Amino acid sequence: MSTDDGVERGPTVPPDDGSRPGAEVRTPVEDGADHDSRFFGQPWALAHVFGVEMWERFSFYGMQGILLIYMYYSVAEGGLGVPEVIATGIVGAYGGAVYLSTILGAWLADRLFGSERVLFVSAIVIMCGHIALALLPGYVGLGIGLVLVAVGSGGLKANATSVVGTLYSEDDPRRDAGFSLFYLGINLGAFFGPLLTGLLQTTWGFHWGFGLAAAGMALGLLQYSFGRKQLPAASRAVPNPLPRARYGAVIGIAVAGAVVLVALVLLGVIRADNLAGVVIIATVIATIAYFAVILSSRRISATERSRVLGFIPLFIVSVGFWSLYQQQFTVLTVYSDKRLDRSIFAWEMPVSWVQSINPIFIIVLSGVFAAVWTKLGTRQPSTPIKFGLGAIVMGAAFLLFLPWANGAPNSTPLLAIVGILLVFTIAELLISPVGLSVTTKLAPKVFHTQMIALFFLSIALGTALAGWLAQFYDPENEVPYFTSLGFVAIGLGAALLFAVKPVLALMKGVR
């Protein structure tokens, strides 16, 4: 039957998969989009991916909010007593590894299993990682837990984004707004995670906080298990199936890679003190290889190849942005522990709660940004302009640290950090959800999920750089650190603004 909006609908049938009783089941039309609008104007299927990503972010940021202080706090304080410089490098390397592992998750989706199936298994792996952190003692629990969470999070992140992309056609005007709503779910989890894990950590200890992260992921997995059947068939499609004749070679490469990695650790080539640098090198190599494979593929058209080339400047600016933004989990955590006045009416706020400030602004402003982009429609700024402005705003945020630079312990007022993190948020909303959206539009059909992994590689490289840069942070002389990084980001954003026209020409109609 047809309705007043002219969209062809499927027949009304009783739902059997958890949707609302009596709701109309709507089938995609010829453009491949889901024209349902029951979830705040977006497809109802978005609610299921929204939910699992929200709980995954709850567990991820809840754990990360206490991870750094767990490592450098003394054993008497419940920590591991790792030196701060090494601990910040490990956090940066771990964060980079999360996004680096999106390559594996994307490859498994595009060549073997499809995005939806990889997403589901990845959620199970994440839950096991948090359980290891909660139950296994010392360095054993830290190592096993971080590896599992990194691999699982990488698999979930790229594929959740890919699944969201299957709900829209390329020219659906709801697309950016839908990704902004999806981003809201991410930040609901990111807000509550550090608050609750930090509360448990200060009350009962670090392992209780890690246990809560595991429970949160279990809830997300349970919710998603009931709703995954409602996702479109495209979310389970394998766009570029691996020939069975190549299975043996792939297994052999995987085993050889694992053996080499273990050998490098045992030989002392990969150590805790150089882990961030190792991840940076691995990410650069992976990035170059990925661009080379996609651009040289005979299975992509000339238009698709041009769009991938147009993605390169966005990738570079994204790396610069994330190398500053992700210092929330390295430099800003140390800063909050030692320099920030966290006293509120004679009560000291847990260090991890600072990580919940940014998500508050995301929750408030993501809807505003989504409404603005929807209202402007085709008149909204192009993606390169949004990226350039985002980098400039991020650089300005670092310059805002200067009035309190080189201050005494606990001398920075809480409101100052709140204001700085507001600027962080504005920059983030100009780059992160927009980047996720444009990547799905620029992606060649046979490299859909792997192209999303390329965007996450920019975050991997930026995050690892955030850990590596932390070694140059000197609380006794902060001015050069904040000034140099701030102006580098501003210069990077300005360069992209000057190059908007040629970049758009490469993007071939994608804005």
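Predicted model only: the values in this text are computed from it and were never measured.
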(request) Report yes if the side chains of T383 and L314 come closer than 4.5 Å at any heavy-atom pair, otherwise no. (result) yes
By salt bridge (charged side-chain N to carboxylate O under 4.0 Å, His left out), D337 pairs with (sequence neighbours left out) R342
Across all chains, not counting sequence neighbours, the ring pair (Phe, Tyr, Trp, His ring centres under 6.0 Å) partners of Y224 are none
Taken in chain and number order and not counting sequence neighbours, the residues that satisfy side chain to side chain contact (heavy atoms under 4.5 Å, CB included) with P413 are W404, A416
Applying side chain to side chain contact (heavy atoms under 4.5 Å, CB included) to E84 and not counting sequence neighbours gives Y72, V334, K338
Show me the donor-acceptor pairs within less than 3.5 Å that the side chains of residues 202-222 make with the rest of the protein, sequence neighbours left out.
{"from": "T202", "atom 1": "OG1", "to": "G198", "atom 2": "O", "distance (Å)": "3.1"}
{"from": "T202", "atom 1": "OG1", "to": "L199", "atom 2": "O", "distance (Å)": "3.0"}
{"from": "T203", "atom 1": "OG1", "to": "L199", "atom 2": "O", "distance (Å)": "2.7"}
{"from": "H207", "atom 1": "ND1", "to": "L133", "atom 2": "O", "distance (Å)": "2.9"}
{"from": "H207", "atom 1": "ND1", "to": "A134", "atom 2": "O", "distance (Å)": "3.3"}

Per side chain to side chain donor-acceptor pair (under 3.5 Å), T333 is matched among Q327, Q328, Q355 by Q355
Value for OG (S356) from CE (M349), rounded to nearest 0.5 Å, stands at 9.0 Å
One should read off an interatomic distance between Q64 CD and F60 CZ, to the nearest 0.5 angstrom, of 4.5 Å
So the salt bridge (Lys or Arg N to Asp or Glu O under 4.0 Å) pairs with at least one residue in residues 412-435 (sequence neighbours excluded) are none
message = Can you confirm whether or not the ring centre of Y481 sits under 6.0 Å from the ring centre of F401?
response = no
Would you say S458 and S318 are linked by a side-chain donor-acceptor pair, where the criterion is simply a distance under 3.5 Å?
yes
